[in-house]
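Below is one structure; the comments refer to it alone.
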Amino acid sequence: MRVAFDPGPRDGAPRIQRLHEDGSPAGAPEALPDLAAVAALEKAEAPRWVFARARTYRRLLAAGVGAPVGVGRAHDVELVEGLLVAADGRFGQPHGLAAAVARLHGRTPDPDPPAVEDGPPALFDTAAPGDELADVVAVHAAQQRVLAAAGPGMRLLAAAESAGMLVAEEMTAAGLPWRADVHDRLLVELLGPRPVLGGRPPKLAALAEAVDAAFGRPVNPDSPAEVLRAFARAGHELSSTRSWELKQVDHPAVAPLLAYKELARLHSAHGWAWLRSWVRDGRFRPEYVVGGVVSGRWASRGGGALQIPKAVRAAVRADPGWRLVVADAAQLEPRVLAALSGDHALAPGDEDLYTALAAREFGGDRAKAKLALLSAMYGQTSGGAAVLLATLRRRFPAAMAFVEDAARAGEEGRLVRSHLGRTCPPARPGHEQPAAARARGRFTRNFVVQATAAEWALVLLAELRGQLRAAGSPAELVFFQHDEVLLHAPAEVAEETVAAVHTAAATAGRRLFGDSPVRFPMQARVVEGYDER
DNA sequence: CGTATAAGCGCC
DNA sequence: AAAGGGCGCTTATACG
């Protein structure tokens with residue numbers, strides 16, 4: 001059973017409509033007395049809820065519906081529309097509910113409305129006039145027709161993307177445990193006491209002075225142009241101030257400048273201002289954007305959630321009596337390539353893939369093995385990669401042919417798709433130019449692997465969430481970053497949470513690749529702080 | 001004054 | 001030695 005849901009205007013009654021699996025109505029629209037009625041229906045029937053968009057579920061969670069477990073299954077009409085539009089070779093074209101309705105009626109859709117910010121409910125309400133329930137029902141039915149014809153991969157992808165929406169909203173609601181006091185202590189250790197009136201913290205100021213002294217004149221280390229001029233005067237012509245380039249230079253300003261840049265970045269990106277803006281009540285609450293990256297990876301808004309530097313991870317600490325379960329997929333992308341291409345010798349078991357490959361082909365040099373594989377998946381050709389790639393081509397011809405076919409498709413302006421059917425954006429005008437064609441080839445080469453890895457991770461999240469719900473576990477998913485998951489769990493259920501992670505990983509592999517021998521192991525650890533190994 | 005872009009670097 | 005996929009964010013800088 002599916003149930004389309006419209007939360008209605010702010011003070012109006014929410015409505016539902018029961019649907020058959022193919023999206024056709026199984027009854028007339030029904031008024032619900034309040035949002036809490038959703039929880040009752042979930043408990044009684046556990047339908048797949050058809051929501052217009054993530055914000056619908058966010059409203060339910062904000063209203064405390066079904067807390068702490070929310071709803072079990074969903075179909076996110078706008079996310080699915082995005083997948084279908086892309087599959088049709090029209091990636092990025094409008095895929096909001098209104099656009100989908102327009103398309104149903106043969107009209108050219110208007111651009112999607114900008115994302116509605118959290119604010120007074122009136123803003124939200126005026127943004128969606130008309131009969132949203134009818135629109136959701138109609139578009140969903142059309143989507144089900146397309147999905148039925150598209151095959152099992154796309155159906156799984158639609159379900160996984162929608163499950164991702166549920167996880168993302170719940171994660172935002174839960175927040176990542178964040179100890180502001182620990183974060184502050186780290187900053188003071190690295191930067192010195194927080195300056196009261198703004199300006200540079202003591203250690204940054206000292207490094208800036210050391211740079212001035214080395215150049216014999218004031219140089220703003222935050223200005224790449226000034227730094228370049230200063231080095232030029234000292235006889236060093238640089239093309240940039242990137243750290244790898246600075247490291248080549250023999251000049252007394254280099255060491256303090258590199259130290260300055262590292263600490264300045266910490267100060268500006270994850271310093272006291274960040275802490276003040278993003279951490280409230282012991283939680284860091286970024287907003288996750290499912291499908292926000294072309295490859296299907298999530299993006300985030302606010303606080304740079306997907307770039308938390310290792311230097312501050314000690315601030316992520318479990319509540320008293322609780323633990324963090326930190327789980328990351330081991331060498332996910334090369335394993336995905338092995339499964340995609342059927343070149344199973346590339347990923348023979350659970351052991352570290354790079355170490356195993358190094359032992360067989362690269363004289364035990366793990367770094368070489370890793371560079372070789374990343375080069376194959378990213379399209380790198382220089383920096384000594386060519387000779388490594390020749391080895392891979394000899395030993396793993398199917399895997400290499402797979403990524404090279406994807407690259408050729410891109411160069412020729414064709415579309416490529418992930419394993420389940422996520423489709424890359426079309427080539428842009430000018431892609432025939434050789435440099436642009438090569439760049440697109442690198443993009444499509446990487447897309448097939450990265451997008452498939454992203455959908456493995458989505459299925460993992462969905463499976464893990466499903467297991468926790470089925471077990472009535474109090475563990476919460478609190479962070480997700482491409483191939484890494486953090487859960488926050490009472491200490492006494494930490495180990496069973498680890499077991500759930502391993503089970504979910506194995507299940508995700510089977511759901512994507514059937515009985516492929518390629519394994520997708522996750523390393524999971526129970527810790528109190530995110531910095532602990 | 002605010003906005004747009006480039007540089008640079010954090011994460012995967 | 002030097003460079004290749006995907007992002008978000010901050011600062012400096014140019015521009016209207």
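Order of the sequence lines fixes the chain letters, A, B, ..., with proteins taken first and strands second; residue numbering starts at 1 for each chain.
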Show the nearest heavy-atom pair for residues A:Leu257 and A:Pro221, with the distance to one decimal.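 That closest heavy-atom pairing would be CD1-CB, 3.7 Å.
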Nearest to the side chain of [X] - [options]?
X	options	answer
A:Val294	C:dA2, C:dG5, C:dG6	C:dG6
A:Pro309	B:dG10, C:dG5, B:dC12	B:dG10
A:Ser300	C:dG5, B:dG8, C:dG8	C:dG8
A:Ala299	C:dA12, B:dC11, C:dC7	C:dC7
A:Lys310	C:dA2, B:dG8, B:dC11	B:dC11
A:Tyr378	C:dG5, C:dA12, C:dA3	C:dG5

Whole-Å gap separating [atom2] ([N]) and [atom1] ([X]):
X	N	atom1	atom2	answer
A:His267	B:dG10	NE2	P	16 Å
A:Arg313	B:dG10	CZ	C1'	10 Å
A:Leu266	B:dC11	CG	C1'	14 Å
A:Gln307	B:dG10	CD	C1'	6 Å
A:Glu226	C:dT13	CD	C1'	12 Å
A:Leu306	C:dC9	CG	P	9 Å
A:Glu333	B:dC12	CD	C1'	8 Å
A:Leu238	B:dG8	CG	P	10 Å

Output the distance between atom CE (A:Met171) and atom CD (A:Glu287), rounded to the nearest 0.5 Å.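 Nearest 0.5 Å value for the CE-CD distance: 14.0 Å.
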Roughly how far apart are A:Arg317 CZ and A:Asp181 CG, rounded to 0.5 Å?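 These two atoms lie 9.5 Å from each other.
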A:Asp352 vs A:Arg366, salt bridge (charged side-chain N to carboxylate O under 4.0 Å, His left out): CA-CA, chis, key distance, verdict: CA-CA 10 Å; A:Asp352 182 282; A:Arg366 185 179 186 276; 2.9 Å; yes
Think [X] has a side-chain N or O under 4.0 angstrom from the OP1 or OP2 of [N]?
X	N	result
A:Ser223	C:dT11	no
A:Lys261	B:dG8	no
A:Ser295	C:dG6	no

Within the 4.0 Å heavy-atom criterion, would you say [X] contacts the bases, only the backbone, or no part of the nucleic acid?
X	answer
A:Gln450	base
A:Gly302	sugar-phosphate
A:Ser240	sugar-phosphate
A:Ser268	sugar-phosphate

Has the side chain of A:Arg265 got a donor or acceptor that lies under 3.5 Å from a partner of the other kind on the base of B:dC9?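 Check passes, donor-acceptor contact within cut-off.
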If you take atom types as modelled and just measure distance, does the side chain of A:Arg297 reach the base of B:dC12 with a donor-acceptor pair under 3.5 Å?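 Such a pair is found, so the answer is yes.
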Specify whether A:His183 and A:Trp274 have parallel, tilted or perpendicular ring planes, treating 30° as the upper limit for parallel and 60° as the lower limit for perpendicular.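 If you compare the ring of A:His183 with that of A:Trp274, the planes turn out tilted.
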Which of parallel (below 30°), tilted (30 to 60°) and perpendicular (above 60°) describes A:Phe284 and A:Trp178?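 If you compare the ring of A:Phe284 with that of A:Trp178, the planes turn out perpendicular.
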Pick the nucleotide of DNA chain C nearest each of A:Ala305 and A:Gln248; which residue has the one closer to the 5' end?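 By nearest-heavy-atom nucleotide position, the 5'-most residue is A:Gln248.
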